[in-house]
Amino acid sequence: NETSTIMIIASNVSKKFGKLKALDDVSVTCLKGECIALIGPNGCGKTTLIKSILGMVVCDSGFITFNGNNIRHDWKYRAQIGYMPQIGRYPENMTIGQVLDMMKDIRGCKNENLDEELISQFGLQDILKKRMSTLSGGTRQKVSAALAFLFNPEVLILDEPTAGLDPVSSEILKAKIITEKNKGKLVLITSHILSELDDLISQVIYMQDGRICFHKSIANLQQETGEAKLSKAIAQVMLKR
């Protein structure tokens with residue numbers, strides 16, 4: 001039953017900022033249990049597409065559905081998404097512990113059904129009293145990652161998740177992503193570092209100039225190009241276009 005596995009569908013979505021066409025008639029279907037890389041050059045529309053899915057950007061035409069409901073009429077769907085921004089912005093005077101508590105309050109959740117695995121794996125519980133203003137970029141990334149997974153969401157949207165993380169933390173995060181995907185969740189990842197994604201992803205959406213150039217499974221991409229490495233396979237497909 002296809003409909004029970006579908007999470008997010010964008011149908012003919014367009015968005016302009018002034019004269020710039022950030023999204024140009026984008027249609028895409030994202031299914032549960034997939035880990036999808038959203039890649040393309042800077043300014044290709046990746047972030048605008050993510051923000052449209054999150055309801056932070058309202059598209060000019062077309063629509064987006066989440067589990068069959070148009071997101072414009074139903075903001076509650078956002079509770080099912082864990083979002084890790086490229087740069088997390090937090091109240092500077094708050095401690096890590098206060099930020100975590102604030103998010104639990106906002107989500108209206110007590111401590112049941114929380115996924116605190118990354119908090120412990122990143123060692124954040126040892127520095128809960130540290131103020132956000134004193135944290136390095138990498139530690140901020142860890143807080144952002146821990147928050148994305150904390151509420152056990154059905155969908156994870158991770159924007160450049162490993163940027164700024166040390167190699168050990170990066171491996172911890174990748175292992176966590178694989179675990180959640182194997183539980184049947186949908187994971188969307190944007191990244192510039194394609195080698196980071198080789199072990200993680202099952203599909204690739206490649207964007208350019210606000211359009212989707214292709215949406216293929218990794219297996220198809222490897223078969224078509226004969227390249228095992230994602231970066232080489234994509235380069236080959238784009239050179240043929």
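Counting begins at 1 with the first residue of the sequence. None of these values were measured; they are calculated from a predicted model.
- In this model, no donor atom of one side chain and acceptor atom of the other lie less than 3.5 Å apart for D25 and S14.
- Taking the side chain as every heavy atom from C-beta outward, D159 and L38 never approach each other to under 4.5 Å.
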Stepwise salt bridge (charged side-chain N to carboxylate O under 4.0 Å, His left out) check, R140 with E92: CA-CA 11 Å; R140 266 174 194 261; E92 294 290 325; 2.8 Å; yes

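- Side-chain contact check for C35 versus I177: some heavy-atom pair is nearer than 4.5 Å.
- Here the rule is side-chain hydrogen bond (donor to acceptor under 3.5 Å, both in side chains) with K176, and of E117, Q121, E171 only E117 fits it.
- Using a cutoff of 4.0 Å between basic side-chain nitrogens and carboxylate oxygens, K185 and E154 are not scored as salt-bridged.
- Under a 4.0 Å N-O distance rule, the pair K16/D60 does not qualify as a salt bridge.
- For the residue pair Y90 and S144, a side-chain donor N or O sits within less than 3.5 Å of a side-chain acceptor on the partner.
- The main-chain N or O of G97 is never found under 3.5 Å from a side-chain atom of K129 such that the two would form a donor-acceptor pair.
- Side-chain atoms of K32 never come within 3.5 Å of backbone atoms of M7 as a donor-acceptor pair (strictly under, hydrogens ignored).
- Side-chain polar atoms of E34 and S202 form a donor-acceptor pair below 3.5 angstrom.
- L23 places a side-chain heavy atom less than 4.5 Å from the side chain of S52.
- The shortest distance between side-chain heavy atoms of N42 and C44 does not fall below 4.5 Å.
- L230 and V237 fall within the same hydrophobic cluster, where Ile, Leu, Val, Met, Phe, Trp and Tyr residues are linked whenever their side-chain heavy atoms come under 4.5 Å apart, directly or through other members.
- Side-chain polar atoms of S191 and E196 form no donor-acceptor pair below 3.5 angstrom.
- The side-chain contact (heavy atoms from CB on, under 4.5 Å) test with L188 is passed by exactly one of I50, I53, I81, L49: I53.
- Judged purely by distance below 3.5 Å, without hydrogens or angles, the side chains of E160 and Q86 never pair a donor atom with an acceptor atom.
- In this structure a side-chain-to-backbone donor-acceptor pair under 3.5 Å is present from K15 to V58.
- Contact check for L54 versus I157: side-chain heavy atoms found under the 4.5 Å cut-off.
- Atom CD of Q125 has more than 12 neighbouring heavy atoms from other residues, nucleotides or ligands inside a 6.0 Å radius.
- Note on E116 versus K104: salt bridge recorded, some NZ/NE/NH1/NH2 to OD/OE distance being below 4.0 Å.
- In this structure, I87 is not a member of the same hydrophobic cluster as V143, with clusters built from ILVMFWY side-chain heavy atoms closer than 4.5 Å.
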What do the steps show when you test I36 against V28 for side chain to side chain contact (heavy atoms under 4.5 Å, CB included), and what is the final call? CA-CA 11 Å; I36 304 172; V28 71; over 6 Å; no

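- Follow the hydrophobic side-chain contacts under 4.5 Å out from I39 and you reach F214 in the same cluster.
- Note on I127: it clusters hydrophobically with V168, by side-chain heavy-atom contacts below 4.5 Å among ILVMFWY residues.
- Side-chain heavy atoms closer than 4.5 Å link hydrophobic residues (I, L, V, M, F, W, Y) into clusters, and following such links, even through other members, never connects F63 to I71.
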Kindly determine whether D115 and E180 satisfy side chain to side chain contact (heavy atoms under 4.5 Å, CB included), including the steps that lead there. CA-CA 11 Å; D115 180 351; E180 296 306 301; 3.9 Å; yes

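- No donor-acceptor distance shorter than 3.5 angstrom exists from the side chain of T162 to the backbone of L165, with no hydrogens or angles considered.
- Looking at E227, its side chain never comes within 3.5 Å of a backbone N or O of Q236 through a donor-acceptor pair.
- With S27 contributing its side chain and N12 its backbone, the two residues share a donor-acceptor pair below 3.5 Å.
- S169 and D166 are linked by a side-chain donor-acceptor pair at a separation below 3.5 angstrom, with hydrogens and angles left out of the test.
- Pairs of residues two or more places apart, or lying in two chains, never qualify as side chain to side chain donor-acceptor pair (under 3.5 Å) while including a residue from residues 70-82.
- Looking only at distances, a side-chain donor or acceptor of T225 sits under 3.5 Å from a matching main-chain atom of L221.
- In this structure, the side chain of N93 does not engage the main chain of R131 through any donor-acceptor pair within 3.5 Å.
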